[in-house]
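Taking it in order: structure first as structure tokens, then the write-up.
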Amino acid sequence: MLDARLWKPLPTATGSPAGATGSAAAEADGARVQCRLCSHYCVIPAGETGRCGVRVNRPDAHEPGETGTGRLFTLVGDNVAAVNLDPVEKKPLFHFMPGTLTYSFGTMGCNLSCSFCQNWSLSRPPSEQGIVRGQRTTPAKLVAEAKASGAASVSFTYSEPTIFFELMSDTADAARAAGLATIMVSNGFQSPECLAELEHRIDAANIDLKAFTERFYAEQCGARLKPVLHTLRTIARMGWWLEVTTLLIPGLNDGPDELRDMARFIHDELGPDVPWHLSRFHPSYRLTDRPPTPPATLERAWDIGRGEGLRFVYLGNMPGHPAESTHCPACGALFARREGFHTHLPTTSRCARCGATMPGVGWDTPEN
Ligand code: SF4
């Protein structure tokens with residue numbers, strides 16, 4: 001358990017500091033803290049955790065019987081639950097250092113509670129069962145392993161990196177110092193304060209845009225759409241390489257009007273070159289009453305995205321589909337071919353047929 005960052009103690013209802021009133025209720029009230037890591041801004045009483053289940057308020061009581069002021073700790077600051085060496089395309093990032101490997105890790109826990117979570121065995125145990133498992137680690141150890149593995153980058157992923165902010169930040173600093181790029185794969189529900197802290201630590205991100213209605217975010221994820229849109233706009237402004245993913249769930253977020261609204265938002269507010277990954281849903285966690293997304297639905301969504309002017313729309317969880325590959329938006333020629341995680345890449349960022357330059361980072365091999 002390590003000290004958490006980005007939180008503040010809350011004053012008592014009367015404004016008195018904790019322990020000054022002599023009232024037990026006021027003292028307990030004075031031990032509350034507010035976590036400022038994500039847009040839930042949880043107010044956490046003494047002895048309790050926030051909604052993610054991995055940030056706990058343990059009041060700073062030095063003497064037996066004393067009521068201290070609140071103090072927030074993280075249960076996942078040195079505790080990884082999943083580590084793998086992945087193709088960067090698996091994040092998915094198709095236009096950032098293509099063809100390279102990324103050292104990927106995550107802890108347990110998540111600040112959202114999506115009914116369709118595809119990683120529920122990692123994300124749910126802290127908030128549902130109070131269980132936080134993992135292996136002790138340090139940023140230096142993670143970066144040393146990443147370097148030894150031959151990875152070109154470190155990815156903060158699998159569950160939700162916002163809730164392991166301290167480990168992500170310190171590892172990002174160490175990774176950049178060691179010449180590795182940094183990638184965040186996230187639901188985009190960070191607070192603006194959290195994003196500001198990350199601005200100069202992250203190089204690329206894939207952010208979920210899970211739907212385009214507040215109702216979906218409230219009913220299916222226990223969250224809100226508006227902060228996610230703010231995150232997406234902020235990342236585009238900060239200049240990280242950005243790609244967006246939407247998991248298409250039959251009957252919940254796959255209507256043509258909603259998809260058109262999403263595509264217009266990406267095009268108008270993030271830019272036409274931001275890749276949009278449309279991913280196939282498979283029944284998971286609590287959402288087992290729906291079929292996998294029909295391929296025709298994904299193809300219709302692809303048409304909508306391209307029709308709204310997005311230059312790079314991809315289909316995910318559809319191995320072998322032509323829409324996994326990158327085509328030149330200027331002349332239509334095949335530029336980068338993908339089959340699952342097998343990639344056949346060009347050696348330059350220029351289209352061999354028409355010479356157009358492909359947006360992204362790292363298309364060119366060193367001799368080009
Ligand atoms: S990270 Fe979010 S969910 Fe977790 S305690 Fe902080 S505000 Fe609450």
Side-chain angles (χ1 to χ4, degrees), residues 86-102 151-155 176 179-185 199-207 209 231-246 262-279 299 301-316 318 321-368:
D86 289 333
V88 72
E89 284 77 10
K90 196 172 179 179
K91 298 304 101 188
L93 286 175
F94 282 7
H95 291 239
F96 184 79
M97 305 178 80
T100 62
L101 293 170
T102 184
S153 59
V154 174
S155 288
R176 281 184 148 195
L180 297 169
T182 54
I183 293 168
M184 182 177 79
V185 181
E199 176 168 4
H200 300 295
R201 294 186 157 109
I202 301 293
D203 296 302
N206 187 302
I207 303 294
L209 182 56
T231 291
L232 285 163
R233 290 188 191 101
T234 303
I235 289 176
R237 179 183 53 73
M238 292 192 304
W240 301 356
W241 180 257
L242 172 63
E243 305 194 14
V244 175
T245 294
T246 302
M262 276 193 242
R264 282 184 186 155
F265 170 81
I266 296 170
H267 179 276
D268 294 350
E269 303 212 34
L270 310 180
D273 287 340
V274 169
W276 189 23
H277 299 264
L278 298 161
S279 195
E299 287 165 351
W302 187 92
D303 284 340
I304 289 171
R306 294 287 284 133
E308 291 301 320
L310 293 178
R311 304 206 308 160
F312 304 100
V313 183
Y314 297 108
L315 298 188
M318 297 271 286
H321 195 286
E324 284 189 308
S325 295
T326 301
H327 293 81
C328 173
C331 73
L334 180 64
F335 180 74
R337 186 153 57 91
R338 300 185 189 84
E339 294 169 28
F341 300 120
H342 299 288
T343 51
H344 306 268
L345 297 170
T347 55
T348 93
S349 59
R350 293 195 173 275
C351 172
R353 187 197 281 169
C354 75
T357 301
M358 208 60 53
V361 176
W363 286 112
D364 290 296
T365 51
E367 61 270 21
N368 286 292

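- The minimum heavy-atom distance linking Thr100 with Ala152 is given by the pair CB-CB, 3.8 Å.
- Considering only heavy atoms from C-beta on, Cys328 stays 4.5 Å or farther from Arg353 through its side chain.
- The shortest non-hydrogen separation linking Phe312 to His327 is CE2-O, 3.9 Å.
- Ring centroids of Phe94 and Tyr314 are separated by less than 6.0 Å, placing the two rings close together.
- Taking the side chain as every heavy atom from C-beta outward, Met184 and Ile207 approach each other to under 4.5 Å.
- Interatomic distance, CZ of Phe96 versus CD of Glu89, reported as 12.0 Å (0.5 Å rounding).
- In this structure, His95 and Pro359 approach most closely via the heavy-atom pair ND1-O, 2.8 Å.
- Between Pro98 and Gly362, the shortest heavy-atom contact is CD-O, 3.6 Å.
- Rounding to the nearest 0.5 angstrom, the gap separating the CZ atom in Arg201 from the CH2 atom in Trp240 is 10.5 Å.
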* To do: Please lay out, stage by stage, how Arg338 and Thr326 fare under the test side chain to side chain contact (heavy atoms under 4.5 Å, CB included).
  => CA-CA 8 Å; Arg338 300 185 189 84; Thr326 301; 2.8 Å; yes
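- Side-chain contact between Pro329 and Phe335 is absent, with no heavy-atom pair separated by less than 4.5 Å.
- Between the CG atom of Asn206 and the CD1 atom of Ile235 there is a distance of 9.5 Å, given to the nearest 0.5 Å.
- Distance alone, capped at 3.5 Å, places no donor-acceptor pair between the Thr102 side chain and the Val88 backbone.
- Two residues are said to be in side-chain contact when any heavy atoms from C-beta on lie closer than 4.5 Å; Arg306 and Trp276 fail this criterion.
- Between Glu308 and Asp268, every side-chain heavy-atom pair lies at or beyond the 4.5 Å cut-off.
- Annotation: the span from Ser153 atom OG to Met97 atom CE amounts to 6.0 Å, rounded to 0.5 Å.
- Once rounded to the nearest 0.5 Å, the distance linking NE2 of His342 with CZ of Arg337 reads 11.5 Å.
- For Thr357 and Arg350, the side-chain atoms include at least one donor-acceptor pair closer than 3.5 Å.
- Closest of all the heavy-atom pairs between Ala263 and Gly305 is CB-CA, 4.0 Å.
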* List the steps, then state whether side chain to side chain donor-acceptor pair (under 3.5 Å) holds for Asp203 with Thr182. => CA-CA 5 Å; Asp203 296 302; Thr182 54; 3.2 Å; yes
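- The distance from the CZ atom of Arg311 to the NE2 atom of His267 is 9.0 Å, given to the nearest 0.5 Å.
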* **Pair Leu345-Trp363, side chain to side chain contact (heavy atoms under 4.5 Å, CB included): steps then yes or no** => CA-CA 8 Å; Leu345 297 170; Trp363 286 112; 4.0 Å; yes
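- Of all heavy-atom pairs between Leu232 and Leu270, the closest is O-CD2, 3.4 Å.
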